[in-house]
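First up is the structure itself, then whatever we jot down about it.
Just so it is clear, the structure is predicted and the values come from calculations on it, not from any experiment. Note that ligands are numbered from 1 as they come in the structure, with each ligand's atoms numbered from 1 the same way.
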Amino acid sequence: KGLIDVRDMGVTFGANDNKIIAVDNVSLNVQPGEFVSLIGPSGCGKSTLLSIVAGFVKPTSGDAKLDGNAITKPGSDRGVVFQQYSLFPWLSVRKNVEFGLKMAGLEQSKRNTTARALLDLAELLSFENHYPDQLSGGMKQRIGIVRALATSPQVLLMDEPFGALDTQTRVVMQEILTNIWQQFKISVLFITHDIEESIFLSDRIYVMTARPGRIKAEIKVPLPRPRR
Ligand code: ADP
Ligand code: ADP
């Protein structure tokens with residue numbers, strides 16, 4: 001049992017001759033406050049699994065639960081960060097962070113206060129009225145993370161969030177994410193195909209294989225964590 005519980009999950013796309021088994025009988029869990037990575041080659045079903053936990057995709061068999069409740073749709077209890085397009089280009093930085101709070105029905109003054117406090121924490125408050133296109137890739141992803149945290153979710157779901165960044169920025173972002181994770185005491189399910197990144201960040205790693213997508217190993221990362 002975990003905060004996130006995926007049990008005997010199967011996902012197939014298409015039918016008959018075009019049938020693809022994207023995920024085959026996968027079970028995994030994420031404990032409260034735990035940082036868990038999902039690694040494996042392209043096409044092994046990582047994004048599909050994360051999309052199910054996010055509530056964007058329905059499984060063909062098995063189920064996914066959050067805190068004991070079946071996941072059927074997206075919700076503010078799960079913050080999601082993607083590799084790209086995490087921000088709305090037509091909204092200012094602050095409006096991006098406020099977005100989820102607006103969906104959650106918070107009034108403008110509360111949205112504004114919450115968003116500004118989070119931006120301050122991320123040292124991005126001076127950019128609140130900038131637009132995403134005016135910022136570097138690393139800054140955009142920092143704002144993406146802040147935006148995902150705005151509704152105080154129980155878990156962060158991250159799909160290769162640093163995949164498009166250069167090595168140097170990526171390393172900085174890994175450290176920032178570690179700080180955020182410790183500060184917010186939040187559970188994280190993190191997708192990467194970079195084994196080094198997963199070892200640096202995670203408590204536990206699930207290793208997947210493709211065609212069909214299965215978990216072939218589970219690794220507990222020993223403490224103390226490797227340092228750079
Ligand atoms: P990963 O994130 O590990 O790269 P994905 O979860 O994106 O893997 O994809 C797993 C498999 O499912 C791949 O073969 C992919 O082509 C297929 N797939 C994913 N989404 C869809 C979809 N919406 N329709 C058809 N096939 C899909
Ligand atoms: P809306 O969501 O309706 O577009 P805005 O966020 O543009 O609203 O503005 C809502 C209120 O917040 C306005 O009264 C505005 O003056 C105030 N406001 C906007 N930006 C800031 C800021 N940086 N600091 C404090 N208050 C602000």
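At the shortest separation from atom 27 (C) of ligand 1 among protein heavy atoms lies Phe13 CD1, 3.2 Å. Ser47 CB, 3.7 Å is the protein heavy atom nearest to atom 7 (O) of ligand 1. Of the protein's non-hydrogen atoms, Gly43 O, 3.8 Å is the one closest to atom 13 (C) of ligand 1.
For atom 3 (O) of ligand 1, the nearest protein heavy atom is under 4.0 Å away. In this structure, atom 22 (C) of ligand 1 has protein heavy atoms in its sub-4.0 angstrom surroundings.
Residue-to-ligand polar distances place Thr48 within reach of ligand 1: an N/O pair is separated by less than 3.5 Å. On a distance-only criterion, Ile20 and ligand 1 share no N/O pair closer than 3.5 Å.
In this structure, Cys44 counts as a contact residue of ligand 1, since one of its heavy atoms falls inside 4.0 Å of the ligand. Between Gly213 and ligand 1 there is no heavy-atom distance shorter than 4.0 Å. Residue-ligand proximity: Gly45 is placed with a non-hydrogen atom under 4.0 Å from ligand 1.
Counting only residues at least two apart or in different chains, side-chain hydrogen bond (donor to acceptor under 3.5 Å, both in side chains) contacts with residues 46-57 comprise Ser47-Asp159.
One side chain, Glu197 or Thr192, offers a donor N or O that lies under 3.5 Å from an acceptor on the other. For Ser37 and Ser202, the side-chain atoms include at least one donor-acceptor pair closer than 3.5 Å.
Within the cation-pi definition used here (under 6.0 Å to the ring centroid, within 45° of the axis), Arg147 qualifies as a partner of Phe88.
Using cut-offs of 30° and 60° on the angle between ring planes, the pair Phe35 and Trp181 is perpendicular.
Listed by number with element, the atoms of ligand 1 under 4.0 angstrom from any heavy atom of Ala22 are 10 (C), 11 (C), 12 (O). Ligand-side atoms of ligand 1 in range of Lys46: 1 (P), 2 (O), 3 (O), 4 (O), 6 (O), 8 (O), range being under 4.0 angstrom from any heavy atom. Atoms of ligand 1 lying under 4.0 Å from at least one heavy atom of Pro41, given by number and element, are 3 (O).
The environment of Glu123 atom CD is sparse: at most 12 non-hydrogen atoms of other residues, nucleotides or ligands sit within 6.0 angstrom. Within 6.0 Å of NE2 on His193 lie no more than 12 heavy atoms contributed by other residues, nucleotides or ligands.
Between the side chain of Thr169 and the backbone N or O of Gly138, no donor-acceptor pair lies under 3.5 Å.
Between Asp63 and Arg7 there is no salt bridge, since no side-chain N of the basic residue sits under 4.0 Å from a carboxylate O of the acidic one.
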